[in-house]
S.K.: 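Below: one structure in structure tokens.
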Amino acid sequence: MKHMETKKFTLLDIDYITEDERPVVRLFGNIRGESKNKSIIALDRKFKPYIYVIPENKNDFNDCIMDLRELDIESIETVQKVDVKKKIQVLKVFFKHPQDVPKLRDKIWDLKSVEEIREHDIPFYRRYLIDNGLFPMDDVEVKGKTIEKSLENSSRSPHILTFEIEDKPLHLEPSDSKLNIMSFDIEVRNPEGMPQADRDEIIMISLASNFGLKKVLSTKESTFDYVETLKTEKEMINRFVEIVNSYNPDLIVGYNSDNFDFPYINERANKLGVSLDLGIDGSKLKFMRRGFANAAFMRGRIHVDLYLLMRRYIRLDRYTLERVYKELFGEEKKDIEGDILWKYWDAEGEKLQKLFEYSMDDAVAAYKISEKILPLNMELTRIVGQPFFDIARMATGQQVEWFLIRKAFEYNDLIPNKPSQREHSRRKSERAVGGYVKEPEKGLHENIVYFDFRSLYPSIIISKNVSPDTLINSEIGENSSDYHTAPEVGFKFLKKPVGFVPSIIGKVLEERTKIKNLMKQSQDPLEQRVLDVQQEALKRLANSIYGVYGFSRFRWYSIECADAITAWGRDYIKKTMEKAELFGFHAIYADTDGFYAVYKQTQT
DNA sequence: ATGTGGCGGGG
DNA sequence: GTGTACGCCACAT
């Protein structure tokens with residue numbers, strides 16, 4: 001027996017590489033209990049990609065298995081899964097490589113012996129997290145051995161350890177280690193309209209952090225001691241890379257950095273012949289097309305673009321850094337108009353010094369915003385269980401979907417497929433009816449009372465057991481005590497057993513109550529703050545689950561569920577308004593889950 | 001009413 | 001990369 005070492009680390013990032021035509025999962029983390037800033041890359045060669053195949057013939061899988069054996073797959077197992085509350089036998093088909101899945105899945109689906117395939121579009125690293133019960137931002141314990149070979153870029157990144165996992169990785173309780181967070185911002189000299197990377201140089205790169213780093217890199221000198229002057233733009237960018245690698249931050253945040261700062265630095269670096277080795281494994285900064293927008297990433301660190309988060313979490317007319325800063329902190333931030341910024345740079349003297357101040361301020365503002373918004377997103381990461389990088393770029397509905405996917409795995413449920421193009425357009429034509437709205441009565445009202453339901457939709461889902469797997473599709477007898485019937489729309493839902501989605505919302509709310517109780521018991525204000533963020537994240541999640549029924553591109557889409565929920569919602573609010581009227585309260589305005597009312601003399 | 005196109009943030 | 005995608009507003013038809 002070989003001697004096995006154990007390593008514990010906070011899981012920050014995950015991907016896979018290919019070695020000898022086989023996938024190798026890489027877990028990136030921050031090692032606890034050792035000198036700070038130490039990173040680990042843990043390699044796991046044992047995880048295999050797979051999909052589920054539902055054979056046409058339910059009694060005899062042999063034809064199907066024989067057809068599958070013709071293809072270049074790894075192996076086949078028969079397993080039991082649950083599909084819409086029914087236990088069924090399915091084939092679990094393993095592949096040699098994740099990229100074989102898109103190559104072979106259409107062929108498999110086209111086989112006569114195959115009725116349907118499932119779970120064929122789950123990215124490999126996400127599958128790994130789900131199947132191993134691992135949660136990013138939590139801790140992982142791995143057993144295995146340290147690999148001796150050093151990294152190519154080890155001179156620049158001296159704190160990296162590569163590790164070979166020999167056993168199943170283990171999920172540990174939430175980490176209490178503090179992550180190193182660095183913000184950055186660039187300034188560009190652009191006298192002719194918007195900055196263009198092929199002609200306009202970078203003049204400043206400002207950095208702020210929670211580990212003592214606070215400086216502005218620039219090609220001009222300053223009286224401020226936070227300014228470090230470099231001879232050329234090329235040296236300045238090189239210095240930026242050097243600083244990132246020596247301080248080794250876990251998180252890098254910027255404002256619109258996905259679509260401006262990082263692409264801009266990248267283009268300038270290419271032009272000047274600088275290698276942007278910002279990954280902990282020495283790899284370069286890379287970009288992903290995500291529909292209309294870019295996402296910038298470096299392996300092993302988490303880049304978060306705060307602009308995206310702010311758009312999701314606060315409702316504003318504009319989302320400029322200045323506007324957002326004022327909203328969060330109630331004070332104005334120094335601002336220099338973009339089109340005249342170059343004049344400050346050219347001015348020298350006091351005007352130039354103002355530009356240094358402005359640049360520093362931007363990085364500090366970005367850092368302060370991250371302090372406000374990252375804790376909630378870290379909690380969401382821990383609950384949803386996908387990488388922080390992804391969570392920070394996912395719409396709420398997507399977060400809910402990945403949360404449900406993980407839960408489905410835990411329940412041994414087969415995950416529904418994403419809608420096809422055709423199904424998607426069909427769904428779009430059936431628009432769900434929304435909540436009840438009573439237009440406000442004109443006039444100035446005094447002594448207004450407000451009434452609202454606490455978590456109306458989650459409560460309806462739980463109390464009426466609204467779920468695709470409890471929805472009664474067929475005509476059913478008159479035994480109405482067995483099911484709930486939605487008003488207006490008439491959809492029926494079994495009272496028992498508890499449906500998939502109601503069960504999950506129930507657990508989320510249960511967990512939230514538990515945390516709120518802990519919060520009350522706690523004497524430690526810091527712990528209370530942490531718990532408060534946790535319960536807030538759970539509340540957000542519970543409230544957003546309703547959405548997956550009504551959005552056409554979701555796996556758990558169900559117009560019946562969406563319509564039933566809003567129908568019950570309208571029913572509750574209207575009945576409550578009627579009741580209130582009897583007690584002399586007249587509603588003047590209502591929307592979905594609450595109403596405003598004025599008190600009138602009761603009629604006699 | 002329905003469809004199409006552009007834009008957001010960044011300097 | 002088991003990729004491929006937003007949501008809102010203005011303006012036109």
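Throughout, a chain's letter reflects where its sequence line sits, starting with A, and its residues are numbered from 1.
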S.K.: Just checking, any donor-acceptor pair under 3.5 angstrom between side chains of Asp44(A) and Tyr16(A)?
M.R.: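 No - no donor-acceptor pair under 3.5 Å links their side chains.
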S.K.: Provide the closest heavy-atom pair for Lys234(A) versus Val274(A) in the form atom of the first, atom of the second, distance.
M.R.: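 The pair with the smallest heavy-atom distance is CG-CG2, 3.5 Å.
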S.K.: Is it the case that Arg311(A) and Tyr307(A) place a side-chain donor and acceptor less than 3.5 Å from each other?
M.R.: yes
S.K.: Kindly give the atom pairs (protein nitrogen or oxygen, nucleotide nitrogen or oxygen) under 3.5 Å for nucleotides 7-10 of chain B.
M.R.:
unit_1, atom_1, unit_2, atom_2, d
dG8(B), O3', Tyr307(A), OH, 3.4
dG8(B), N3, Arg311(A), NH1, 3.4
dG9(B), OP1, Tyr319(A), N, 3.2
dG9(B), O4', Tyr307(A), OH, 3.4
dG9(B), N9, Asn256(A), ND2, 3.2
dG10(B), OP1, Leu321(A), N, 2.8
dG10(B), O4', Asn256(A), ND2, 3.0

S.K.: Between dG7(C) and dG9(B), how far is it from one C1' atom to the other, in whole Å?
M.R.: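 Those two atoms are separated by 15 Å.
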S.K.: What residues, two or more places apart in sequence or in another chain, satisfy ring-ring contact (aromatic ring centres under 6.0 Å, His included) together with Tyr344(A)?
M.R.: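 If we apply the ring-ring contact (aromatic ring centres under 6.0 Å, His included) test to Tyr344(A), skipping adjacent residues, there are no hits.
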S.K.: Check the distance between dG11(B)'s C1' and Asp339(A)'s CG and give it to me in whole angstrom.
M.R.: 9 Å
S.K.: Whole angstroms only, please: what is the CZ-P distance between Phe551(A) and dC6(C)?
M.R.: 13 Å
S.K.: Within this structure, what is the CG-to-C1' distance between Asp121(A) and dA5(C), rounded to whole angstrom?
M.R.: 14 Å
S.K.: Is the backbone N or O of Gln399(A) less than 3.5 Å from a side-chain atom of Gln386(A), with the two atoms forming a donor-acceptor pair by type?
M.R.: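 No, the answer is negative, given that no donor and acceptor are paired below the 3.5 Å cut-off.
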S.K.: For Glu401(A) and dC6(C), give me the distance from atom CD to atom P, rounded to whole Å.
M.R.: 14 Å
S.K.: Just to be sure I understand the rule, does Gly193(A) reach a base, reach only the sugar-phosphate, or reach nothing, if contact means heavy atoms closer than 4.0 Å?
M.R.: base
S.K.: Is Leu341(A) touching bases, backbone alone, or none of the nucleic acid, heavy atoms closer than 4.0 Å?
M.R.: sugar-phosphate
S.K.: Once you apply a heavy-atom cut-off of 4.0 Å, does Pro102(A) come out as touching a base, just sugar-phosphate, or nothing?
M.R.: sugar-phosphate
S.K.: Can you tell me if the side-chain N/O atoms of Arg105(A) get under 4.0 Å from OP1 or OP2 in dG3(C)?
M.R.: yes
S.K.: I need the CZ-C1' distance between Phe94(A) and dT2(C), as an integer number of Å.
M.R.: 14 Å
S.K.: What is the separation between atom CD1 on Ile415(A) and atom C1' on dT2(C), rounded to the nearest whole Å?
M.R.: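 In whole Å, dT2(C) C1' lies 12 Å from Ile415(A) CD1.
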S.K.: Considering only the P atoms, how many Å lie between dA5(C) and dC9(C), rounded to the nearest integer?
M.R.: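 23 Å, rounded to whole Å.
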S.K.: Inspect the contact between Glu235(A) and Arg239(A) and indicate whether a charged nitrogen and a carboxylate oxygen are less than 4.0 angstrom apart.
M.R.: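 A salt bridge is absent here (no side-chain N lies under 4.0 Å from a carboxylate O).
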S.K.: What integer number of Å spans the C1' atoms of dT4(C) and dG11(B)?
M.R.: 30 Å
S.K.: Short question: side chain of Thr381(A), backbone of Pro136(A) - any donor-acceptor pair under 3.5 Å?
M.R.: no
S.K.: May I ask you to decide whether Glu331(A) forms a salt bridge with Lys333(A), counting only side-chain N to carboxylate O separations under 4.0 Å?
M.R.: no
S.K.: Looking across every strand, which nucleic acid part, if any, lies under 4.0 Å from Tyr16(A) by heavy atom: base, sugar-phosphate, or nothing?
M.R.: sugar-phosphate
S.K.: Side chain of Arg553(A), heavy atoms from C-beta onward: which of dT2(C), dT4(C), dC6(C) has the nearest atom to it?
M.R.: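 Of all the options, the side chain of Arg553(A) is nearest to dC6(C).
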S.K.: Grab the CD-P distance between Gln398(A) and dC6(C) for me, whole Å please.
M.R.: 10 Å
S.K.: In whole Å, I'd like the distance from the CZ atom of Phe297(A) to the C1' atom of dG1(C).
M.R.: 10 Å
S.K.: On DNA chain C, compare the nucleotides closest to Ala395(A) and Phe124(A); which residue's is nearer the 5' end?
M.R.: Phe124(A)
